[in-house]
Amino acid sequence: LNPSSDESDTVYKFGLSYQLSDDVLLYGLYSEGFRPGGTNRGRGVPFFPRQYASDLLENYEIGAKMSLLGGKARLNLTYFDMSWDDYQIEVVDPSNRACGTEAAPEPPACGQPWQKVVANVGQASSKGLEAQFDMMVTERLSFGANATWLDATIDEDVEVSIVVPAGSRLPLSPEFKGAFHADYEWPVDWFGGNSAYVRLQWSYTGDM
């Protein structure tokens, strides 16, 4: 058995920007991205196909980049809306379930060795807001923060061993994550160096 496949397509990216003032830049972006398909190293007769196709991501994005307080601070805001077609995900193939047990696939795709495979499992979407803020408080003290609010869900039921209903959150997709840091720097004359700094850093990632 020597499975092969061939895919070809074109992905696009378009952007527009407008300098509203010396301190404010507005922009819009449309972009596409993909992950190439491939072949699973399956054993036996797995439930999912041995091959999986490319998935395609379409992204619409608007944002603003702002300089504040005479250049001492910077604020970036981005809103994005993504749609994901035939998205790939790593799953445990349900063919490892014994034939005749609950949620087992029909023979011969049952009673196979346990294995993980990559599969195309449908439509999904992800939209949210990102914010980034940096500021020089003094010549020596600076701080910054960033945050992301995310709504990432599957848009149609996914059936593997169980049914994951449309509207469920995508795996590893927290609804919120953020971070904060502060740096203090001062001049020194140590071992040939001329400056030193200390940094306080904190980050948070919501449940996934």
Asks: Indicate the atoms forming the closest heavy-atom contact of P174 with G206, along with that distance.
Replies: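 Scanning both residues, the minimum pair turns out to be CB-O, 3.6 Å.
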Asks: Hey, is the main chain of V118 close enough, under 3.5 Å, to the side chain of N40 for a donor-acceptor pair?
Replies: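 Flag set: sc N40 to bb V118 pair under 3.5 Å.
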Asks: If you count heavy atoms of other groups shown closer than 6.0 angstrom to OH of Y197, is the number above 12?
Replies: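 No, not enclosed.
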Asks: So which heavy atom on M136 is nearest to which on S142, and how close?
Replies: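 Of all heavy-atom pairs spanning M136 and S142, the closest is SD-CB, 3.4 Å.
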Asks: Look at the side chain of Q112 and the backbone N and O of P46, then say whether any donor-acceptor pair between them is shorter than 3.5 Å.
Replies: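 No, Q112 side chain to P46 backbone: no donor-acceptor pair under 3.5 Å.
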Asks: Would you call Y87 and V158 a side-chain contact if the rule is heavy atoms closer than 4.5 Å?
Replies: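 They are in contact (side-chain heavy atoms under 4.5 Å apart), so the answer is yes.
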Asks: Starting from Y30, can I reach L26 by hopping between I/L/V/M/F/W/Y residues whose side chains sit under 4.5 Å apart?
Replies: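 They do not share one cluster, since no chain of ILVMFWY contacts under 4.5 Å joins L26 to Y30.
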Asks: Give a yes or no on whether the backbone of Y12 and the side-chain of E32 come within a donor-acceptor separation of less than 3.5 Å.
Replies: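 Confirmed, E32 side chain pairs with Y12 backbone.
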Asks: Could you tell me which residues satisfy side-chain hydrogen bond (donor to acceptor under 3.5 Å, both in side chains) with Q201, sequence neighbours excluded, listed by chain and number?
Replies: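 side-chain hydrogen bond (donor to acceptor under 3.5 Å, both in side chains) list for Q201, sorted by chain: R199.
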Asks: Going by side-chain hydrogen bond (donor to acceptor under 3.5 Å, both in side chains), name the residues that satisfy it together with T78, two or more places apart in sequence or in a different chain.
Replies: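 With neighbours one apart ignored, the set is Y27.
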Asks: Can you sort out the partners of E7 under salt bridge (charged side-chain N to carboxylate O under 4.0 Å, His left out), two or more places apart, ordered by chain and number?
Replies: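 Scan of E7 (salt bridge (charged side-chain N to carboxylate O under 4.0 Å, His left out), adjacent residues dropped) gives none.
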Asks: Considering non-hydrogen atoms only, spot the tightest contact between D86 and N120 and give its length.
Replies: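 Smallest heavy-atom distance, with atoms named: O-ND2, 2.8 Å.
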Asks: Please identify which of these residues, T153, I154, L170, meets the side chain to side chain contact (heavy atoms under 4.5 Å, CB included) condition with S125.
Replies: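 The side chain to side chain contact (heavy atoms under 4.5 Å, CB included) with S125 is passed solely by T153 among T153, I154, L170.
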Asks: Main chain of R43, side chain of Q115: is a donor-acceptor contact present, judged purely on distance under 3.5 Å?
Replies: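 Side chain of Q115 to backbone of R43, a donor-acceptor pair under 3.5 Å: yes, one is there.
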Asks: Please report the closest heavy-atom contact between Y52 and T39, naming both atoms and the distance.
Replies: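 Shortest heavy-atom contact: CE2-N, 3.8 Å.
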